[in-house]
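Here's the structure we're looking at; comments come further down.
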Amino acid sequence: MNTEILYGKSNLNIELPENSVLIEPTPIPALENDKQAIRDALKNPINSDPLEDLVKSNQTVSIVISDITRPTPNHILVPLIIECLAHVPLENIVIINGTGTHRDQTKDELIQMLGEDIVNNIRIVHNHCNDKQTLKKVGHSKYGCDVYLNKDYVDSDFKIVTGFIEPHFFAGFSGGPKGIMPGIAGIETIMTFHNAKMIGDIRSTWGNMTDNPVQDMTREINAMCKPDFMLNVTLNKEKEITEVFAGELYKAHDLGCAYAKKHAMFKCDHRFDVVIASNSGYPLDQNLYQTVKGMSAAHKVVKEGGSIIMLSECSDGFPNHGNYAEILKMADTPEALVKMINDPNFAMLDQWQVQKQAVIQTFANVYLYSKLTDQQAKDAMLHPVSNIEATLKTLERQYGKDMTIGVMPLGPLTIPYVES
């Protein structure tokens, strides 16, 4: 069967055996008029007064957005928030790019994300997690660290967080409080949030919001300096808006997560010898670091000793932030990486992503079809792929003619599972 899989800014068409199982969320049409739906949500929010009524004209306002690694439609959300706050002078507004530990965006990238009018008329700052002068302490977490958040956010009179809600490989779901923590947090706080114990906890996984320590920590920290208003959306395969969730942070996010879970969960009758997965295309498949999310989704339904084939463009190669590539070279096997990272004395930026990847690689073989060189893939202990169909033929000789194949065209936008 011919299957279209998200890859970069376009798609790949691959020919698969007829018995392959498509694993994808319930298709949802885009809202007929997404801008009007957002305007309506801002006027009739969840567990909150209308946004326009909450903000006084003399107040300073911060709007936290997702960075360029996320497909959040900032170019739609932010202008509509500004429109709703027409009574607030533009000089009173600051947009904070929630980069977490990621790099700053260029001006051209900001224009791509927000539109030229916003970029030219409103102050925009990037979160700099290592710059204490741009951060402010707001408390101490029960998880053992001081909590620092972006100073422009903390000092603003009215705080708005935006984002989009999708399954997340250790926080359960993205969006909501994750825009603040880790989006605009300091490095000490982020390192605790991503430490080996937190990431390795069995409850820190796709779609789980119950007693999930990662989600619990992000909500604990949000409560120390809570956003006054949240605007989140859900998206479909085409990155179009399917629903809007606006209002009080926790209630609106809970409803958004329930909606996303209803459409994203996919029950499989069994695990598969081979799982083919995308990383949901651009912008999530820009680099190998982000590709771990697709690997993690496939890991949910691949057999132990099976194979995952990731289709992720990786147009930016390895990320140019943190120590992801460096850590990958610090051990010779995935097992050794896991052992090293679980050592309480080990602490390096991006260790969480390597930890997730290495755990998957101790369970299954991982192949990669991308723009990386073969050597770059091998440096990450991955098997480079130049021809998907030929790779499947090779794997068929390993697993036999009855080889089972699961296909995830949208990658981590789907939560596959097998009931125990």
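Side chains included, hydrogens not; waters and symmetry mates left out as well; all remaining heavy atoms used. All values derive from a computational prediction rather than experimental measurement.
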- prompt: Between Asn323 (side chain) and Glu326 (backbone), is there a donor-acceptor pair under 3.5 Å?
  reply: no

field: Least distance between heavy atoms, Ala264 atom then Pro167 atom
entry: CB-CG, 3.8 Å

message: Other residues, nucleotides and ligands only: do more than 12 of their heavy atoms fall within 6.0 Å of CD on Glu32?
response: no

message: Looking only at the side chains, is there a donor atom on one of Tyr399 and Ser307 sitting less than 3.5 Å from an acceptor on the other?
response: yes

query: Is there a donor-acceptor pair closer than 3.5 Å between any side-chain N or O of Glu304 and the backbone N or O of Phe363?
result: no

- request: Mark yes or no for whether Asn47, through its side chain, and Ala252, through its backbone, hold a donor-acceptor pair below 3.5 Å.
  value: no

- prompt: After noting the C-alpha distance and the side-chain angles of Arg39 and Glu83, does the key distance pass the salt bridge (Lys or Arg N to Asp or Glu O under 4.0 Å) rule?
  reply: CA-CA 9 Å; Arg39 290 187 182 100; Glu83 175 186 287; 2.6 Å; yes

field: Under 3.5 Å: donor-acceptor pair, side chain of Arg219, backbone of Val214
entry: no

message: Using modelled atom types and a 3.5 Å cut-off, is there a donor and acceptor pairing between side-chain atoms of Gln357 and backbone atoms of Val292?
response: no

field: Residue pair Cys129 / Leu135: nearest heavy atoms and the distance that separates them
entry: O-CD1, 3.5 Å

Steps toward side chain to side chain donor-acceptor pair (under 3.5 Å) verdict (Asp216, Tyr143): CA-CA 10 Å; Asp216 181 61; Tyr143 290 96; 2.5 Å; yes

message: Counting C-beta onward and ignoring hydrogens, is there a side-chain heavy-atom pair between Met224 and Met181 closer than 4.5 Å?
response: no

- prompt: With Gln36, which of Asp40, Asn33, Asp34 fulfils side-chain hydrogen bond (donor to acceptor under 3.5 Å, both in side chains)?
  reply: Asp40

- prompt: Is a donor on one side and an acceptor on the other found under 3.5 Å between the side chain of Thr189 and the backbone of Asp146?
  reply: yes

statement: Result for side-chain hydrogen bond (donor to acceptor under 3.5 Å, both in side chains) between Thr291 and one of Ser370, Ser312, Ser296 points to Ser312

- prompt: Are Lys293 and Glu166 within salt-bridge range, i.e. N to O under 4.0 Å?
  reply: no

query: Measuring from Ile308:CD1 to Gln361:CD, what's the distance to the nearest 0.5 Å?
result: 9.0 Å

- request: Output the distance between atom SG (Cys225) and atom CG (Leu149), rounded to the nearest 0.5 Å.
  value: 6.0 Å

Leu6 versus Lys239, closest heavy-atom pair with distance: CD1-NZ, 4.0 Å

- prompt: What distance do Asn150 atom CG and Lys159 atom NZ have between them, rounded to the nearest 0.5 Å?
  reply: 11.0 Å

query: Should Glu248 and Lys226 be marked as a salt bridge (Lys or Arg N to Asp or Glu O under 4.0 Å) after you check the CA-CA gap, both sets of side-chain angles, and the distance that decides it?
result: CA-CA 10 Å; Glu248 189 274 326; Lys226 188 182 174 186; 2.6 Å; yes

- prompt: Is the backbone N or O of Ser66 less than 3.5 Å from a side-chain atom of Asn74, with the two atoms forming a donor-acceptor pair by type?
  reply: yes

field: Point-to-point distance, once rounded to the nearest 0.5 Å, from SG of Cys314 to CD of Gln286
entry: 10.0 Å

field: Shortest non-hydrogen contact from Thr391 toward Tyr367
entry: CG2-CD2, 4.1 Å

- prompt: Roughly how far, to the nearest 0.5 Å, is CD1 of Ile124 from CG of Asp152?
  reply: 12.5 Å

Under 3.5 Å donor-acceptor, Asn97 side chain and Thr99 backbone: no

Expected list for residues 329-342: side-chain donor-acceptor pairs under 3.5 angstrom, two or more places apart:
from, atom 1, to, atom 2, distance (Å)
Thr333, OG1, Ala336, N, 3.0
Asn342, ND2, Val338, O, 3.0

message: Give me the atom names and distance for the closest heavy-atom approach of Gln215 to Thr218.
response: O-CG2, 3.0 Å

field: From OG1 (Thr404) to NE2 (His270), nearest 0.5 Å
entry: 5.5 Å

task: Keeping the roles fixed (side chain from Asn92, backbone from Val88), state whether a donor-acceptor pair exists under 3.5 Å.
output: no

- prompt: Minimum heavy-atom separation for Arg203 to Asn208, with atom names?
  reply: O-ND2, 2.8 Å

message: Main chain of Thr60, side chain of Ser156: is a donor-acceptor contact present, judged purely on distance under 3.5 Å?
response: no

Qualifying side-chain hydrogen bond (donor to acceptor under 3.5 Å, both in side chains) pairs, either residue in residues 173-183, two or more places apart: none

Any Asp350 side-chain heavy atom under 4.5 Å of Val354 side chain: no

message: Are Leu328 and Asp379 packed together at the side-chain level, in the sense that at least one heavy-atom pair is separated by less than 4.5 angstrom?
response: no

field: Partner of Ile199 under side chain to side chain contact (heavy atoms under 4.5 Å, CB included), chosen from Phe170, Phe169, Phe193
entry: Phe170

message: Could you check whether Lys132 makes a cation-pi contact with Tyr148, meaning its NZ or CZ is under 6.0 Å from the centre of the six-membered ring and within 45° of the ring axis?
response: yes

